[in-house]
Each structure stands twice: as C-alpha cells, then as structure tokens.
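Remarks on the structure that follows.
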Amino acid sequence: MTNRAHLMTGYSDNRRPYDYYPTPMAGTMALIENENFPGSILEPCSGGGHISKVLEKKFPGQKILSYDIRAEGIYGTGGIDFLKQSAEFYKYPDNIITNPPYLTLTEFIQRSKKIAKHKIAMLLTLQALGGKNHLGLIWADQKFPLKKVIIIPDRLKFQLYKNSSTMYHLWAVWDRFHKGEPIITWHQKKNNTLSLFPDEEEPEEDEEENFKDAMETEVILLQKQIEIESEVFCDA
C-alpha cells in the first residue's frame, strides 16, 4: 500500500493526533446551505475553529460553543474530552455540528444523541454508510433518527494534502423529531452547478495514479471495517 493511500484514510503511523483534519470552508458551507440549525450549536472538535468560525459568520446572534480535547492551539475551550461530558456540562445545546474522529465515530454519534436536544450533523466519508455495526447502532435508530444525507460531489481539499483527498464526503444529519425515511440529496451551489470550487484551477494529477490510490484506499477501508466488525462480533 502506498503511503499516500494510508494518509488519505488515516490508517498509518502518520495519522494526525486526535484525528485532527481541519474542515475546508466548502465542506461546512455544503451543510448550512442545505439544512437549518435554530438555537445553540456545539462544536465539540473545534480544532483551529474551521467549522466554528463559519457558523459564527453565517448564524449571527446564535450561540456557538467551541470545545476541543486538545489543550493548546485550539479555538474555544481546550482540554475537554467530548466522550466524557454530559448535556449539563454543555448547558443542553440544541444542535451539534462537527467533523468527528473516524476511529471513535460510533461513540461520538452515541454521545451526541445524549447531548443534543434537536439536531446532529457530522462530516463523514461515504464509506461510513456501510457496515452492519453502523446500521444497527447508528442508521436504524428511531429514537434519534437520521433525517438527511447530504453528499458532497467534489472531493474536499484538506490542509494536510497538496491536492484534493481521494475520499468523497457527506454530511449525516440526525433530527430527534424527524418522521419517516431519511432523505438523500446532493449539495449544489446556488448557481446550479455541482462544483464547490468554480474559481480554483483543477490540480494537475496523474489520473492513472489517482485511480490506483483510490483503489488502495478502498481496500484499506474494507479491511479496517472487517476488523472492527469482527471485534464487535467477538465481544457480543
């Protein structure tokens, strides 16, 4: 497996501490242009404030709470482990919006459902939609049901990479009061184009090399999913 493919999935010795991959502004805009979040909003993985700052600008007058597990160099209050906190600690926020650490995704969603009063939105990879464990614990829950899946048609440009990630992303939105089946939609710019980066030049990339990297990425994710589900089965 190439080092680049490992970096794209994060499964390597080069994985960033606390799964810190700053969310591009285009990623946050893909959410707030397709869903409303009335009331207070908690960002429990604020990092450098890449999501929080966009929320503060787009939702003036709403309370935006920014916390992070890291103590240094973060936006908001540091040293707070989301998985160990209660709704009371965060003063019962109406909504949670975040880019969660992938390796504790299930725990993050379960904790969020105990804290958010209304909605939860998380930036995920398309692969997160798969897996029996995710189906039973996350997607099929009717007490705090999945409302919407917003697919981002362009590959997001994370600061860690010179060019776009080989992964495609989506926003999963849960709504405590949603009734019926979830909606699947694709983010579109207001000018009716699907591109999130109309003013940026296309990166010069070797298409064949990109295809190989993408295939290796898929293999890594499948292997990791099998390992996770095997552990869950053995612990059952």
Side-chain angles (χ1 to χ4, degrees), residues 8 10 16 18-68 73-76 82 93-102 105 108-109 112 116 118-129 146-175 178 182-203 205:
M8 296 304 182
R16 306 190 83 182
Y18 301 111
D19 277 0
Y20 179 51
Y21 296 88
T23 305
M25 181 177 179
T28 306
M29 292 302 296
L31 171 67
I32 62 179
E33 288 181 0
N34 290 277
E35 185 71 20
N36 295 318
F37 295 89
S40 59
I41 302 174
L42 167 63
E43 214 299 39
C45 306
S46 60
H50 295 80
I51 290 178
S52 295
K53 291 176 182 178
V54 176
L55 297 178
E56 290 171 352
K57 182 177 180 180
K58 296 298 179 179
F59 299 138
Q62 288 183 231
K63 181 180 292 186
I64 310 298
L65 308 168
S66 301
Y67 292 83
D68 198 277
I74 61 95
Y75 186 80
F82 177 68
D94 294 293
N95 313 284
I96 292 176
I97 297 177
T98 193
N99 177 359
Y102 184 81
L105 172 60
F108 251 77
I109 296 176
S112 295
H118 190 182
K119 295 181 182 180
I120 300 165
M122 294 195 177
L123 182 66
L124 311 175
T125 63
L126 285 178
Q127 284 75 14
L129 292 176
L146 182 68
K147 174 187 178 181
K148 185 182 294 185
V149 173
I150 305 167
I151 297 173
I152 303 175
D154 285 295
R155 291 178 296 176
L156 294 175
K157 289 188 175 184
F158 289 85
Q159 291 181 357
L160 178 64
Y161 314 123
K162 179 180 179 181
N163 294 317
S164 303
S165 166
T166 61
M167 307 298 294
Y168 284 93
H169 291 77
L170 60 86
W171 281 98
V173 180
W174 290 264
D175 187 331
H178 177 68
I183 300 167
I184 298 180
T185 187
W186 279 257
H187 171 64
Q188 296 189 47
K189 292 286 286 184
K190 293 183 178 179
N191 61 4
N192 294 323
T193 67
L194 286 176
S195 176
L196 293 176
F197 317 110
D199 300 325
E200 295 184 11
E201 295 182 0
E202 289 294 325
E205 298 177 322

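What you see below is based on every heavy atom in this structure, not just the backbone, and it leaves out hydrogens, waters and symmetry mates. One-based numbering along the sequence shown. Just so you know, these numbers come straight off a predicted model, no measurement behind them.
Side-chain atoms of Ile41 and Gln62, non-hydrogen and from C-beta on, do get closer than 4.5 Å to each other. Counting heavy atoms from C-beta outward, Met122 and Trp174 have side chains that approach closer than 4.5 Å. Residues Ile152 and Leu123 form a side-chain contact, since some pair of their non-hydrogen atoms from C-beta on lies under 4.5 Å apart.
Summarising the geometry, atom CG belonging to Asn99 is positioned 6.5 Å from atom CH2 belonging to Trp171; distances are rounded to the nearest 0.5 Å. Between Ile64 atom CD1 and Asn95 atom CG the span is 9.0 Å, to the nearest 0.5 Å. To the nearest 0.5 Å, the span separating CG on Leu55 from CG on Leu65 amounts to 11.0 Å. In this structure, the separation between CZ on Arg155 and CE on Met167 is 11.0 Å, given to the nearest 0.5 Å. Distance CD1/Ile96 to OG/Ser40: 9.5 Å, rounded to 0.5 Å. Distance NE2/His169 to CG/Leu124: 8.5 Å, rounded to 0.5 Å.
Between the side chain of Asp175 and the backbone N or O of Leu146, no donor-acceptor pair lies under 3.5 Å. Remark: the backbone N or O of His118 is not paired with any side-chain donor or acceptor of Asp94 at under 3.5 angstrom.
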*Verdict with supporting geometry, Phe82 and Phe108, ring-ring contact (aromatic ring centres under 6.0 Å, His included)*: CA-CA 8 Å; Phe82 177 68; Phe108 251 77; 5.0 Å; yes
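Within 6.0 Å of CG on Leu126 lie more than 12 heavy atoms contributed by other residues, nucleotides or ligands.
Each salt bridge (charged side-chain N to carboxylate O under 4.0 Å, His left out) pair with one or both residues in residues 35-57, not counting sequence neighbours, appears once here: Glu35-Lys119, Glu35-Lys147, Glu35-Lys148.
Side-chain polar atoms of Ser66 and Ser46 form no donor-acceptor pair below 3.5 angstrom.
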